[in-house]
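I have placed the structure first, in the form of structure tokens, so that the comments after it can refer back to it.
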Amino acid sequence: MSLAATAELVARTAGVRTAVAAFNVITLEHVEAVIAGAESAGAPVVLQISENAVKFRHGRLLPLARAATAAAERASVPVALHLDHVRSDDLLRQAPGAGFSSVMYDASRLPYEENLTATRAAADWAHARGLWIEAELGEIGGKNGEPPRDAHAPGARTDPGEARAFVADSGVDALAVAIGSSHAMTTRTAALDHDLLERLAASLDVPLVLHGSSGVPDRELRAAVEGGIAKVNIGTALNIAMTGAVREFLAAGPDAVDPRKYLGVGREAMARTVAELIGVLRG
């Protein structure tokens, strides 16, 4: 099966109270696990490679992107490739030639006007090359080694009026909103602001995206989808599953040296997590 387009997968969620799952991948085992989990669930999926993952791979995008593309083309379900949390314009410009149909351009750390200016330029460039583009407004936090954001801090959450103006003036295709989740959470204790989500959904005519979803309990995730979230980003949950499985394997067999053994159980654990979370999103 050829690579799917993120825009098409997200469009399928319109009006049907479901969301496409988008999983961040770091290794080939992540890629294989996400696809296996999606195939088990019989659902489309988005593979996301973040700027941080590219930095981990010595700043080279193509090795992991090419591996993800090759795996996606052999999948039995639609798989799209998304470049996530891009801050570097140089990295943004590599997306079209590396198989990506979409990109999340992240200027959310900047003051509003600077965020808007940078995002508008990125959106114009992306659209000219057929890329679907997502941006972020509000402060979700927890990226680039920073501590998870206090989701209740003043000004952290996305303002509906500001979001409406931002989307109109930037021309983005989707918006990641801050409604109580945070990146890099290792406990599923986030409480989402569903009243705010309702107001955002009523104010905006573009798909809404939930970041930091690993820290959100199942019931909250499902309620977010019911409330209008169309794309759900998940990363840390996979790392928790993989690391836990590897730790357990090595604790039981401390003399093990073949990485295929412990990476295999880690991959299987991630695949189960993928299938379970897709099931939550589909209701």
Side-chain angles (χ1 to χ4, degrees), residues 18-50 52-57 64 67-68 71-72 75-77 79-82 84-85 140 142-145 147-148 181-190 192 209-222 224-225 229 231-254 256-283:
T18 188
V20 62
F23 292 93
N24 283 74
V25 299
I26 303 170
T27 68
L28 179 56
E29 285 71 31
H30 281 78
V31 171
E32 293 171 333
V34 170
I35 292 175
E39 289 177 328
S40 175
V45 74
V46 179
L47 294 173
Q48 300 195 145
I49 298 175
S50 72
N52 283 343
V54 174
K55 289 177 180 176
F56 171 72
R57 310 220 71 85
L64 186 56
S76 62
V77 295
V79 180
L81 199 56
H82 176 82
D84 196 34
H85 280 285
I140 298 171
K143 294 295 289 184
N144 300 300
S181 60
S182 182
H183 296 103
M185 287 185 67
T186 56
T187 58
R188 301 187 72 189
T189 55
L192 302 182
V209 183
L210 184 66
H211 286 214
S213 304
S214 294
V216 182
D218 287 352
R219 64 183 181 280
E220 290 281 284
L221 280 178
R222 186 60 216 160
V225 173
I229 292 293
K231 176 173 173 278
V232 174
N233 287 17
I234 301 163
T236 301
L238 298 189
N239 300 334
I240 290 171
M242 181 181 196
T243 303
V246 170
R247 280 188 177 133
E248 184 177 344
F249 181 91
L250 292 177
V257 295
D258 186 344
R260 290 171 295 185
K261 301 295 186 181
Y262 53 82
L263 289 178
V265 298
R267 182 174 56 192
E268 291 170 4
M270 288 192 289
R272 289 193 297 270
T273 297
V274 168
E276 290 166 3
L277 287 169
I278 288 175
V280 171
L281 302 184
R282 299 179 79 184

Heavy-atom donor-acceptor pair, [X] side chain to [Y] backbone, under 3.5 Å:
X: Ser76; Y: Glu39; value: no
X: Glu220; Y: Leu192; value: yes
X: Ser50; Y: Asp84; value: no

Residue pair [X] / [Y], side-chain heavy-atom distance below 4.5 Å:
X: Arg247; Y: Thr243; result: yes
X: Val216; Y: Ser181; result: yes
X: Asn24; Y: Ile49; result: no
X: Val46; Y: Val79; result: no
X: Lys231; Y: Leu210; result: no

Test side chain to side chain contact (heavy atoms under 4.5 Å, CB included) applied to Leu221 and Val232, Ile229, Ile234, the passing residue: Val232
Separation between CZ of Arg57 and CG of Asn52, rounded to the nearest 0.5 Å: 13.5 Å
Atom pair CZ (Phe23) and CG (Leu238), whose distance is rounded to the nearest 0.5 Å: 6.0 Å
For residues 274-283, dump all side-chain donor-acceptor pairs below 3.5 Å to protein atoms at least two apart in sequence or in another chain.
unit_1	atom_1	unit_2	atom_2	d
Arg282	NH1	Ala41	O	2.7

Aromatic ring pairing Phe249/Tyr262, orientation class (parallel under 30°, perpendicular over 60°, tilted between): tilted
Please find the pair of heavy atoms, one from [X] and one from [Y], that lie closest to each other, and give the distance.
X: Ala190; Y: Pro217; value: O-CD, 3.2 Å
X: Gly266; Y: Val246; value: CA-CG2, 4.4 Å
X: Ser214; Y: Gly235; value: OG-N, 3.5 Å
X: Ala269; Y: Ala241; value: CB-O, 3.6 Å

Verdict with reasoning, His82 to Leu47, per side-chain contact (heavy atoms from CB on, under 4.5 Å): CA-CA 6 Å; His82 176 82; Leu47 294 173; over 6 Å; no
Stepwise side-chain contact (heavy atoms from CB on, under 4.5 Å) test for His85 and His211: CA-CA 10 Å; His85 280 285; His211 286 214; 3.0 Å; yes
Could you pull out all donor-acceptor pairs under 3.5 Å where a side-chain atom in residues 25-34 meets a protein atom, sequence neighbours excluded?
unit_1	atom_1	unit_2	atom_2	d
Thr27	OG1	Glu29	N	3.2
Thr27	OG1	Glu29	OE1	3.4
Thr27	OG1	His30	N	3.2
Thr27	OG1	His30	ND1	2.8
His30	ND1	Thr27	N	3.4
His30	NE2	Asn239	OD1	2.8
Glu32	OE1	Arg267	NH1	2.8

Residues forming a salt bridge (charged side-chain N to carboxylate O under 4.0 Å, His left out) with Arg219, sequence neighbours excluded: none
